[in-house]
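Okay, here's the structure, questions in a sec.
Just so it is clear: chains get the letters A, B, ... in the order the sequence lines come, proteins before strands, and each one is counted from 1.
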2 protein chains.
Amino acid sequence: METEEGPARGDITIEAVLAALDHPLRLRVVRTLAAAEELNCQEILPDITKSTASHHWKVLREAGVVEQRREGRYLYLRLRREDLDSRFPGVLDAVVRG
Amino acid sequence: METEEGPARGDITIEAVLAALDHPLRLRVVRTLAAAEELNCQEILPDITKSTASHHWKVLREAGVVEQRREGRYLYLRLRREDLDSRFPGVLDAVVRG
DNA sequence: TCAACTGTTCGATTTGATTCGAACCGTAAC
DNA sequence: GTTACGGTTCGAATCAAATCGAACAGTTGA
């Protein structure tokens with residue numbers, strides 16, 4: 001049931017993470033998820049066009065920042081907190097804290 | 001003698017730091033500086049055009065990632081390691097380690 | 001089956017960053 | 001003085017990312 005399309009923990013690169021986080025919308029996604037564990041796509045970026053939002057999910061997924069779980073027609077996103085913390089300790093906290 | 005044109009420690013934002021680090025050349029600068037304390041501009045990016053290099057110094061400076069010291073006509077760059085570590089612990093280490 | 005809903009993909013446009021050469025400024029050496 | 005050097009600034013060109021609408025695929029419920 002885990003629709004895991006992103007890199008394995010060991011394959012997450014700091015370059016991809018930095019690139020993923022260097023965008024206001026994606027930063028907002030990460031901060032929203034950090035406060036809420038797991039959320040549906042539309043709950044995260046309700047004001048953003050579907051295609052644009054989908055583009056950002058992809059960037060975050062491929063960078064290894066988020067993982068997704070599909071439940072029917074809904075998609076739930078969740079931070080890969082453990083993976084990120086173990087691989088780049090402090091980075092996620094710094095980003096969320098601001 | 002400190003030609004400090006960047007933000008004060010408390011004014012360094014994670015957004016600016018992420019944007020500064022999201023570039024291959026600037027990442028290379030940070031990693032080079034991390035291994036060498038203080039370096040002249042041309043020692044860091046000898047193969048890059050002056051104007052391009054200068055552009056990247058500016059981005060790194062304004063983000064608060066590096067500080068500079070002018071000695072005659074030479075400019076020496078140095079990581080603001082203490083400032084970054086105190087403000088965003090773990091981030092610089094993660095970036096340098098890769 | 002059919003309509004409604006969630007999210008993806010495609011293609012085109014727009015936007016912003018990067019890049020470079022040329023001119024420039026300040027310093028150093030002669 | 002002048003010439004050489006290190007770095008900045010300016011403007012234009014280039015290139016990559018973001019954005020959007022439209023068409024699409026899969027799921028749900030009537």
Problem set entry | B/Leu18/B/Phe88 under side-chain contact (heavy atoms from CB on, under 4.5 Å): CA gap, chis, key distance, verdict | CA-CA 11 Å; B/Leu18 290 171; B/Phe88 307 117; over 6 Å; no
Exercise. Is any side-chain heavy atom of A/Val30 less than 4.5 Å from a side-chain heavy atom of A/Leu92?
Worked result: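 They are in side-chain contact.
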For this session: Not counting sequence neighbours, which residues clear side chain to side chain donor-acceptor pair (under 3.5 Å) with A/Arg97? List them please.
Result: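 In terms of side chain to side chain donor-acceptor pair (under 3.5 Å), with neighbours along the sequence ignored, A/Arg97 is linked to no residue.
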Problem set entry | For atom NE2 of A/His55 and atom P of C/dA12, their distance in whole Å |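 From A/His55 NE2 to C/dA12 P: 18 Å.
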Exercise. To the nearest angstrom, how far is B/Glu62 atom CD from C/dA17 atom P?
Worked result: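 About 12 Å, once rounded to whole Å.
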Problem set entry | Under 3.5 Å: donor-acceptor pair, side chain of B/Arg9, backbone of B/Arg87 |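 The answer is no, because no donor-acceptor pair under 3.5 Å joins these two groups.
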Exercise. Taking only N and O in the side chain of B/Thr52, is any of them less than 4.0 Å away from OP1 or OP2 of C/dC20?
Worked result: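 The answer is yes; a side-chain N or O of B/Thr52 sits under 4.0 Å from OP1 or OP2.
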Exercise. C/dG7 base to A/Ser54 side chain: any donor-acceptor pair below 3.5 Å?
Worked result: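 Answer no: no donor N or O sits under 3.5 Å from an acceptor.
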For this session: Could you check how far CD of A/Glu43 sits from P of C/dG7, rounded to whole Å?
Result: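 It works out to 9 Å between those atoms.
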Problem set entry | Short side-chain to backbone donor-acceptor contact, A/Arg26 and A/Ala19, under 3.5 Å |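 The answer is yes, because a donor-acceptor pair under 3.5 Å joins these two groups.
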For this session: Would you mind reading off the distance between B/Gln68 atom CD and D/dG6 atom P, rounded to a whole angstrom?
Result: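 Spelled out: CD on B/Gln68 to P on D/dG6 is 16 Å.
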Exercise. Within the pair B/Arg69 and D/dG7, is there a side-chain N or O less than 4.0 Å away from OP1 or OP2?
Worked result: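 For D/dG7, neither OP1 nor OP2 has a side-chain N or O of B/Arg69 closer than 4.0 Å.
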Exercise. What integer distance in Å separates A/Asp22:CG from D/dA16:P?
Worked result: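 After rounding, the gap between these two atoms is 17 Å.
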Exercise. Taking protein heavy atoms under 4.0 Å as touching, what does nucleotides 24-30 of chain C look like 5' to 3' if B marks base contact, S marks sugar-phosphate-only contact and - marks none?
Worked result: ---BS--
For this session: Determine: side-chain N/O of A/Thr49 to OP1/OP2 of D/dT19, distance under 4.0 Å, yes or no.
Result: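 False: A/Thr49 side-chain N/O out of range (4.0 Å or more) of D/dT19 OP1/OP2.
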Exercise. Between atom CD in A/Gln42 and atom P in C/dT6, what is the gap in whole Å?
Worked result: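 Distance check: A/Gln42 CD to C/dT6 P gives 5 Å.
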Exercise. Is B/His56 near enough to C/dT19 that one of its side-chain N or O atoms lies under 4.0 angstrom from OP1 or OP2?
Worked result: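 Indeed, a polar side-chain atom of B/His56 lies that close.
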Problem set entry | Sub-4.5 Å side-chain heavy-atom contact between B/Leu33 and B/Ile44 |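 In contact.
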Exercise. Any link between B/Val17 and A/Val96 through a network of hydrophobic side chains (Ile, Leu, Val, Met, Phe, Trp, Tyr) touching at under 4.5 Å?
Worked result: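 Cluster IDs for B/Val17 and A/Val96 match.
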For this session: For B/His23 and C/dT18, give me the distance from atom NE2 to atom C1', rounded to whole Å.
Result: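 Taking atom C1' of C/dT18 as the reference, NE2 of B/His23 is at 6 Å.
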Exercise. If you pin B/Ala53 and A/Arg26 to their nearest nucleotides in DNA chain D, which one's is more 5'?
Worked result: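 Looking at DNA chain D, the more 5' nearest nucleotide goes with B/Ala53.
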Problem set entry | Between P of C/dT15 and CG of A/Leu25, the distance in whole Å |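 Atom-to-atom, A/Leu25 to C/dT15, this comes out as 16 Å.
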